Amino acid sequence: AEEKRLTYEQKLENANHHFSKKILEIAIEKKSNLIASADVLTTKELLDFAEKVGPNIVALKTHIDILTDFDFDETVLPLKDLATKYNFLLMEDRKFADIGNTQELQFSNGIYKISSWADLVTSQVIGGETSLDCFLNVGVIAIIGMSSKGTLTSSDYREEALKIAQNHPNVIGGVSQNKIPDDLLLFTPGVNLETKDDNKGQQYNTPEHVFKNLQTDFIIVGRGIYKANDVEKATLEYKIAGWNAYMNLI
Ligand code: BMP
């Protein structure tokens, strides 16, 4: 028998942060633990993608600085409308990694003005606990461990990173390829049903593997969905695979 895990309902009861509650509520309502990563190059592709995946995801993860034609009004406003229409969160995978003052500037300024639209942001914790103070009104997902080959996120690093994540009220969860304490939500990228690597250092596991072995809460899928010939079909495949993998453990 598998080790028991907390259900999304139990995690919701324990949740303190607005956005940990929100993402768990969406998961329960949509029966989905899927986050789609929209690593596309144009606003049109991003919005088309959001329209297709929107009904079946809990969050859309962006790397907003990849877009070649970013325009606040033409990119962010329609994206926010789609997030409202289909009830998903916007997670900007910025992976902040600087001192508090610089992160504060990067979070709210420049052309992206991340703080004005993101619900969730990723951040390294390399700058120490105080560096996370600037992330008000969003849920921070701390990078605990990375999925790429040769990453420096050793078990010692992860242990120290977890202490920061658990102590900081802005942090709702962590990105990791290892189990983390269940007062934090676990987000796991490096998920693909078809392939084990990408020849650029990425390492993939299946949804089943990451639920069973890591008791993850949310799977993050990029190329498995946005490169698929039929994006809607692929979204459903990952959604169902993720949900079944979770249901098998509760
Ligand atoms: P893909 O499924 O195409 O490999 O995309 C994975 C996504 O998750 C990318 O956007 C990447 O930046 C992100 N990611 C990752 O792959 N590994 C990590 O450890 C942390 C990430 O944010």
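Scope of the values below: all heavy atoms of this structure, side chains included, with no hydrogens, waters or symmetry mates. In this text the structure is predicted, and so the values were computed from the model without any measurement. Just follow the structure's listing: the first ligand is 1, and inside any ligand the first atom is 1.
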> Are any non-hydrogen side-chain atoms of Asp197 and Gln203 less than 4.5 angstrom apart?
Replying inline: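 They are not in side-chain contact.
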> Should one rank Lys61, Lys95, Met146 by closest heavy-atom distance to atom 21 (C) of ligand 1, which comes out on top?
Replying inline: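 That would be Lys95.
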>> Using heavy-atom distances only, which candidate in Gly224, Ser147, Gly222 approaches atom 2 (O) of ligand 1 most closely?
In response: Gly222
>> With no hydrogens and no angle check, just 3.5 Å: does a side-chain donor-acceptor pair link Gln166 and Asp183?
In response: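 There is such a pair between these side chains.
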> Given the rule that I, L, V, M, F, W and Y join up when any side-chain heavy atoms are under 4.5 Å apart, are Ile172 and Leu12 in one cluster?
Replying inline: yes
>> If you count every heavy atom of other residues, nucleotides or ligands that lies below 6.0 Å from Lys113 atom NZ, does the total exceed 12?
In response: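 Buried by this count: over 12 neighbours within 6.0 Å.
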>> By the definition side chain to side chain contact (heavy atoms under 4.5 Å, CB included), identify the one residue from Arg5, Lys4, Gln10 that meets it with Thr7.
In response: Gln10
[atom] [closest protein heavy-atom partner, distance rounded to 0.1 Å]:
atom                    : value
atom 8 (O) of ligand 1  : Pro189 CB, 3.6 Å
atom 4 (O) of ligand 1  : Tyr204 OH, 2.6 Å
atom 6 (C) of ligand 1  : Gln202 NE2, 3.8 Å
atom 12 (O) of ligand 1 : His63 NE2, 2.9 Å
atom 9 (C) of ligand 1  : Asp39 OD2, 3.4 Å

Under 4.0 Å from a heavy atom of [X]: which atoms of ligand 1 are those, numbered in the order shown and with their elements?
X      : value
Asp93  : 12 (O), 13 (C), 22 (O)
Arg223 : 1 (P), 2 (O), 3 (O), 4 (O)
Ser37  : 7 (C), 10 (O)

> Passes salt bridge (charged side-chain N to carboxylate O under 4.0 Å, His left out), Glu208 versus Lys212? Steps please.
Replying inline: CA-CA 6 Å; Glu208 194 187 358; Lys212 239 188 208 162; 3.4 Å; yes
>> Between Glu51 and Lys85, is the salt bridge (charged side-chain N to carboxylate O under 4.0 Å, His left out) condition met? List the steps.
In response: CA-CA 9 Å; Glu51 181 77 51; Lys85 178 175 171 192; 3.4 Å; yes
> Any chance the rings of Trp243 and Tyr8 have centres within less than 6.0 Å?
Replying inline: yes
> For ligand 1, is any non-hydrogen atom under 4.0 Å from Gln177's backbone (N, CA, C, O), its side chain (CB onward), both, or neither?
Replying inline: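 Neither; nothing of Gln177 gets under 4.0 Å from ligand 1.
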